Amino acid sequence: MFKPEMEYVRKLIEEDSRIDGRKLDEMRKIEIQTGIYPKAEGSALVKLGETLVAVGVKMGVKEPFPDTPDEGILIVNAEFPPIASPEFEPGPPGEETIELARVVDRGIRESGCIDFEKLCIKSGEKVWTVFVDIHVLNNDGDLITASGIGAIAALLNAKIPKYNEETDEIDYSQRTESLPVSKIPVPITVAKINGKLILDPCKEEEEAMDARITITTIEDTICAIQKGHGGYFTEDELKRIVDIAMEKGKEIRELIRSKV
Amino acid sequence: MFKPEMEYVRKLIEEDSRIDGRKLDEMRKIEIQTGIYPKAEGSALVKLGETLVAVGVKMGVKEPFPDTPDEGILIVNAEFPPIASPEFEPGPPGEETIELARVVDRGIRESGCIDFEKLCIKSGEKVWTVFVDIHVLNNDGDLITASGIGAIAALLNAKIPKYNEETDEIDYSQRTESLPVSKIPVPITVAKINGKLILDPCKEEEEAMDARITITTIEDTICAIQKGHGGYFTEDELKRIVDIAMEKGKEIRELIRSKV
Amino acid sequence: MFKPEMEYVRKLIEEDSRIDGRKLDEMRKIEIQTGIYPKAEGSALVKLGETLVAVGVKMGVKEPFPDTPDEGILIVNAEFPPIASPEFEPGPPGEETIELARVVDRGIRESGCIDFEKLCIKSGEKVWTVFVDIHVLNNDGDLITASGIGAIAALLNAKIPKYNEETDEIDYSQRTESLPVSKIPVPITVAKINGKLILDPCKEEEEAMDARITITTIEDTICAIQKGHGGYFTEDELKRIVDIAMEKGKEIRELIRSKV
Amino acid sequence: MKKGKPERLIIDGKRLDGRDLEEFREMEAKIKVIKSADGSAMFRFGNTIAIAAVYGPRPMFPKHLQNPERAVINLRYNMVPFSTEDRVRPGVSRRSIEISKILKEAIAETVFTEEFPRTVIDIYIEMIQADGTTRCAALNAASLALADAGVPMKDLIAACSAGKVDGHIVLDVNGKEDNYGEVDMPVAMIPRENKVVLLQMDGLLTKEEFEKCLQLAKKGCMQVYKLQKECIKNTYKQIAEGDENV
Amino acid sequence: MKKGKPERLIIDGKRLDGRDLEEFREMEAKIKVIKSADGSAMFRFGNTIAIAAVYGPRPMFPKHLQNPERAVINLRYNMVPFSTEDRVRPGVSRRSIEISKILKEAIAETVFTEEFPRTVIDIYIEMIQADGTTRCAALNAASLALADAGVPMKDLIAACSAGKVDGHIVLDVNGKEDNYGEVDMPVAMIPRENKVVLLQMDGLLTKEEFEKCLQLAKKGCMQVYKLQKECIKNTYKQIAEGDENV
Amino acid sequence: MKKGKPERLIIDGKRLDGRDLEEFREMEAKIKVIKSADGSAMFRFGNTIAIAAVYGPRPMFPKHLQNPERAVINLRYNMVPFSTEDRVRPGVSRRSIEISKILKEAIAETVFTEEFPRTVIDIYIEMIQADGTTRCAALNAASLALADAGVPMKDLIAACSAGKVDGHIVLDVNGKEDNYGEVDMPVAMIPRENKVVLLQMDGLLTKEEFEKCLQLAKKGCMQVYKLQKECIKNTYKQIAEGDENV
């Protein structure tokens with residue numbers, strides 16, 4: 001299937017320009033709103049260009065995993081509801097959706113940004129489970145970045161509801177203490193098109209890209225990497241992408257900090 | 001798809017007559033047999049014209065829901081087994097079957113006919129679960145009415161098995177006390193065809209109907225309403241249907257009482 | 001669909017000869033290796049001609065079933081992974097796979113070869129669950145026999161991991177005591193083609209066979225029978241098959257004993 | 001008795017959220033909220049927020065599901081996991097299947113489906129926040145989204161709930177009232193034609209109470225209808241005036 | 001040992017339900033029990049009740065599942081949730097899949113499937129009550145339903161169980177005997193041709209005991225067969241005599 | 001802290017299994033291990049054992065899934081239930097879906113799919129034993145199986161893992177190191193072209209550490225690649241020499 005649009009995107013990139021007028025290493029405008037979904041313990045609505053993602057944090061009390069009896073549990077889930085996509089298949093989430101959730105999950109988990117030991121209520125018996133639900137409202141590309149930003153913003157926004165150990169009841173109307181979140185992992189996604197590296201691909205660019213990679217950082221440390229989509233990167237390209245991820249990660253980290 | 005049969009049904013109704021010779025506000029003959037399935041705690045076989053529905057009540061012991069620690073649990077389930085239908089799709093129950101179960105469920109639940117607090121064994125720990133399973137053996141229309149009658153008849157017929165709290169065992173061979181059921185909710189279904197209201201539609205009429213509504217009553221009180229199937233009712237029609245539901249409900253209530 | 005291969009197999013059998021040169025009552029060569037999968041508590045790789053089946057035993061701790069509070073639990077599962085079959089359907093196991101698992105399960109369970117009471121840790125609260133997982137690596141016919149041999153060989157090979165009742169932890173690195181397995185049930189499968197009984201059908205023969213039966217024995221006792229696949233047996237044929245199953249079972253029992 | 005039930009839900013004629021008995025929560029309607037959809041809308045009753053998107057009419061596949069005489073309407077009602085206090089497990093539930101069915105049946109009453117044989121109209125609804133009266137918000141959003149998509153319709157559908165709380169007949173039942181009150185009765189109408197296209201009721205009502213609820217819901221639907229019409233008019237007015245932020 | 005096991009299942013040569021060792025429970029057979037089916041039947045051993053319905057032969061869809069040489073037989077064995085003491089969860093189980101498979105294979109042996117290429121014959125069986133020997137009751141009902149549907153068959157299939165209880169070989173194993181006894185052995189035959197088309201056995205039997213069980217089951221199948229034939233004959237006789245209640 | 005974590009994973013420069021930091025576990029590669037497959041292979045890193053089978057290219061059905069321009073690659077990564085200490089529940093998991101996806105994407109980079117339009121190439125991988133670095137073993141086996149099947153490829157893919165354990169950068173992370181160490185980084189390359197086709201990383205690394213890991217993995221991939229080539233060469237040599245046991 002010859003896609004003229006795809007060819008156009010690729011031709012533009014060859015000339016170092018992009019379909020929406022950005023520079024190759026320029027991100028789209030990021031808007032972050034937090035706390036707008038009152039039923040959630042924490043929430044964020046992130047707009048990255050026309051990509052729109054709502055993230056909600058819900059908490060519950062569960063038995064811990066046997067190998068981490070003193071730690072809370074993180075569950076990251078993504079839904080790609082049909083309102084945001086003309087081609088919807090009912091049924092369990094597809095591989096794209098699962099990859100999205102798992103990459104965001106690893107960025108948060110591996111960064112150590114959540115102090116899971118503080119989420120232990122009673123060792124081996126009861127710990128807090130933190131559900132991070134990513135709900136895609138519009139997909140104009142780079143969902144991983146938008147979702148990763150939304151997830152950490154929602155976590156920073158979240159307050160723990162009151163838990164009555166005796167009656168085993170959660171009172172969601174009383175949320176006082178903040179979630180113990182100390183760092184801000186930020187994923188940055190770079191696509192390769194016609195041998196050029198571009199930042200934050202929009203949907204048309206994603207359809208034309210050869211390779212994709214997401215690097216999540218906290219300050220000067222990498223905490224997760226995911227190459228996806230096929231294609232390849234050279235060693236040299238990977239080193240440059242790490243630099244980009246750290247530099248842009250820092251900018252976005254500041255932005256998030258200012259919003260929560 | 002032009003259906004000559006459907007047109008015939010509609011034409012008849014215009015002339016105030018029905019395909020099976022009934023008057024517009026006449027129900028088909030109702031036959032009720034109870035207690036014929038010995039493995040069930042309670043059971044009923046209801047024949048409404050050629051519609052045939054078996055309902056069984058089974059009981060088990062479970063943890064209560066956290067928000068109702070002192071109350072038993074009601075679970076209503078409907079199955080439309082392929083023996084009763086030439087077009088069978090394997091897999092989970094379809095939307096018709098789910099609606100059927102949920103409408104019967106609400107009729108029973110909202111009527112308050114079961115004293116759920118008497119089904120509490122130990123507060124917050126163990127309560128009786130009452131499973132009401134509706135099994136459609138032949139579908140000649142108005143399944144909701146037949147199933148609703150079967151459900152309350154089976155509940156009235158049910159006896160609680162003996163439960164040994166210490167060993168956590170249920171002895172199904174010893175059933176003594178009756179289920180605490182005090183009222184008799186009765187659903188009445190009215191269809192609208194060509195602007196006329198008809199009671200208890202048979203299958204051909206269901207295929208030709210414009211709108212459908214089920215009103216469940218206990219004596220002079222409405223306890224559940226479900227408009228289904230598309231089409232509309234006017235306010236005036238709704239008032240008339242409430243009157244019909246109360247009047248016919250009373251008749252059927254007497255019939256049920258005489259059978260259990 | 002006319003299958004020339006099938007006709008060829010049937011013609012050979014008529015002349016008392018088989019596609020792979022065996023006599024009618026001759027089994028293919030059996031090779032058994034045990035303990036080759038170190039993550040499993042017990043394992044066996046069984047080659048029956050070109051049929052290749054890996055069986056692993058894993059153990060876990062669970063609550064017992066209410067009607068057998070002092071007994072361990074056996075769960076037999078079969079997987080027919082796509083590596084072994086050109087026609088693979090993703091999804092839950094098909095009816096062939098389920099039958100395979102259930103026939104092997106009954107052979108083991110009914111033989112009484114496992115002393116389930118020795119697998120009770122705390123009556124009514126904690127017992128060992130024994131998972132027997134059958135993984136078909138190549139299917140050249142008579143999977144039931146190969147799997148049944150693999151299952152009992154893996155069980156005989158299995159050692160119970162150390163369980164710390166206080167911390168509710170299993171230490172899989174310390175496996176000391178053997179599973180309490182005392183008998184060796186052996187399934188023997190006989191096919192009928194053109195009125196003749198043949199032992200251990202290969203795949204081409206399975207495609208051509210009229211009827212199939214598996215008889216599992218321990219010494220001079222039958223512990224399970226499964227007629228499958230359609231077709232029929234006469235009473236006289238069944239008696240002869242029982243004799244064959246006992247005789248061949250004895251040979252294979254010796255072989256297994258020598259390998260574990 | 002249900003745990004957590006407040007002693008009273010109505011005090012001195014005022015509901016716990018400060019409303020009068022026959023007063024709506026703040027309502028909001030908006031169209032064109034999803035860029036990729038053919039039509040879309042948001043409808044809000046207080047903290048109950050529904051977003052609907054419409055795709056189609058478009059050819060239906062696989063072919064054997066096509067109806068040669070009319071468009072097939074496909075509707076999916078879904079709760080976002082963080083829309084309620086107890087997280088909603090993703091995926092369909094028996095509740096969502098039933099609600100999808102009755103919403104679809106109500107919607108079908110207004111669409112000229114016979115104009116688009118062999119096509120499908122997909123209507124997707126996400127409950128972003130749920131605080132009672134969700135199916136009515138869903139239906140209001142869906143009807144607006146269909147209008148936004150330019151699908152030919154007889155009229156808009158307007159929906160709201162009435163109910164009985166602490167013995168009083170009230171308009172627009174919120175989550176707490178639904179949970180601890182006596183009756184919840186969602187109603188959807190084609191207001192100009194006085195047609196009731198959706199009606200459910202749970203709880204005990206006398207005939208008189210039922211009629212009172214129905215009356216109140218009818219008045220409510222007219223108010224919703226007015227808001228829907230204004231929403232459409234204002235949006236197109238803004239577009240005509242060249243407002244890019246629509 | 002299994003909880004709830006009675007001390008003895010056979011006392012003074014009598015079983016707990018009062019039967020002799022080689023005695024059937026009350027049997028009942030009936031055809032034409034489901035109006036909408038092409039053929040249907042009920043078969044009962046005491047409290048074990050099976051209902052079977054047959055639809056077809058009819059064209060099979062989707063087409064790629066058709067067999068150009070013969071009819072495909074599709075069979076579904078299902079337990080009604082309230083058919084046993086512990087409620088059966090609705091939906092297929094591994095047990096029901098296996099039983100459906102072996103019943104289908106047994107049935108296929110008697111049907112002239114080659115007369116109806118590219119079609120499917122659907123056989124649906126519901127176990128209304130289960131008290132042992134369910135698959136035999138299912139098969140007896142299915143075979144009668146096929147006959148009722150007028151599907152060309154070599155002969156009826158007749159099935160019953162034999163078993164070993166408290167050391168005795170018995171006929172027609174009931175639920176308690178299946179649960180606490182030593183052996184359950186369901187057998188299905190084409191009685192006139194002396195062909196065994198279904199045979200399963202669980203538990204420990206010597207060769208001699210097995211042969212005794214088989215003999216007993218064979219005699220039992222003849223009795224079942226007789227009842228099946230009478231049932232068909234009587235029904236058609238009643239029809240011929242104009243009995244409307246058939 | 002995770003339960004069961006050993007105090008130290010590296011003692012005097014040696015890992016718990018006795019290896020040096022930059023040392024592989026014993027590796028083994030073998031092709032033609034599954035008779036029925038068009039191509040098959042086994043690859044082993046110590047106790048991590050992958051078996052891969054390739055079927056195709058063959059026509060793809062149903063037709064609407066065909067790509068008119070190239071072969072579709074279908075890949076299924078599956079853990080055998082007894083491959084790990086805690087039994088793996090049969091069936092797909094979120095983890096196996098993600099791994100299947102990234103392996104498929106890496107593989108697709110080397111196959112001349114455009115030579116086989118409208119076909120499918122099925123790649124099935126079973127993890128027989130899992131002790132860390134499973135996806136790399138899977139990919140090595142899959143690439144060999146494709147070669148064995150004679151599917152036209154640019155080159156083989158070679159994969160291995162690097163990581164950080166007790167502060168040291170190490171090659172070929174085993175299960176315990178993955179579980180209790182700091183970083184696991186699986187890398188797959190087309191070694192001769194220096195192309196990284198799969199890269200994942202979990203855990204904290206500075207830029208310098210990342211580059212060191214990458215370097216080490218690159219060297220490792222060259223070793224794997226050498227073994228793969230030898231495996232193919234030896235097998236065909238044996239075949240040429242008439243060895244029947246291949």
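Everything quoted here is computed from the prediction, not taken from an experiment.
Residues of residues 128-139 of chain D that come within less than 4.5 angstrom of chain A, heavy atom to heavy atom, are D:I128, D:Q129, D:A130, D:D131 in numerical order. Scanning residues 44-51 of chain D against chain A with a 4.5 Å non-hydrogen threshold yields D:N47, D:I51, sorted by number.
For the salt bridge (Lys or Arg N to Asp or Glu O under 4.0 Å) condition, the pairs that include at least one residue of residues 51-64 of chain A, sequence neighbours left out, are A:E41-A:K58.
Between A:P82 and D:E126 the shortest heavy-atom distance is CD-OE2, 4.0 Å. Smallest separation of non-hydrogen atoms from A:Y172 and D:D86: CE1-OD1, 3.8 Å.
Taking a 6.0 Å sphere around CD of A:E177, one finds it holds 12 or fewer heavy atoms contributed by other residues, nucleotides or ligands.
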Give the intermediate values and the outcome of side chain to side chain contact (heavy atoms under 4.5 Å, CB included) for residues D:I34 and A:N138. CA-CA 7 Å; D:I34 307 278; A:N138 199 49; 4.3 Å; yes

Quick one: do D:S36 and A:N139 satisfy side chain to side chain contact (heavy atoms under 4.5 Å, CB included)? Show the steps, please. CA-CA 8 Å; D:S36 57; A:N139 177 12; over 6 Å; no

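In terms of heavy-atom pairs under 4.5 angstrom with chain D, the leader among A:D140, A:V55, A:I170 is A:V55. By number of non-hydrogen pairs under 4.5 angstrom with chain A, the leading residue of D:S83, D:S40, D:G91 is D:S83.
Using a distance-only test at 3.5 Å, with no hydrogens or angles considered, no donor-acceptor pair links the side chain of D:Y124 to the main chain of A:A84.
The salt bridge (Lys or Arg N to Asp or Glu O under 4.0 Å) search around A:K162 returns none, not counting sequence neighbours.
The closest side-chain heavy-atom distance from A:N77 to D:R87 is below 4.5 Å.
Ring pair D:F82/A:H135 is perpendicular by interplanar angle, where above 60° counts as perpendicular and below 30° as parallel.
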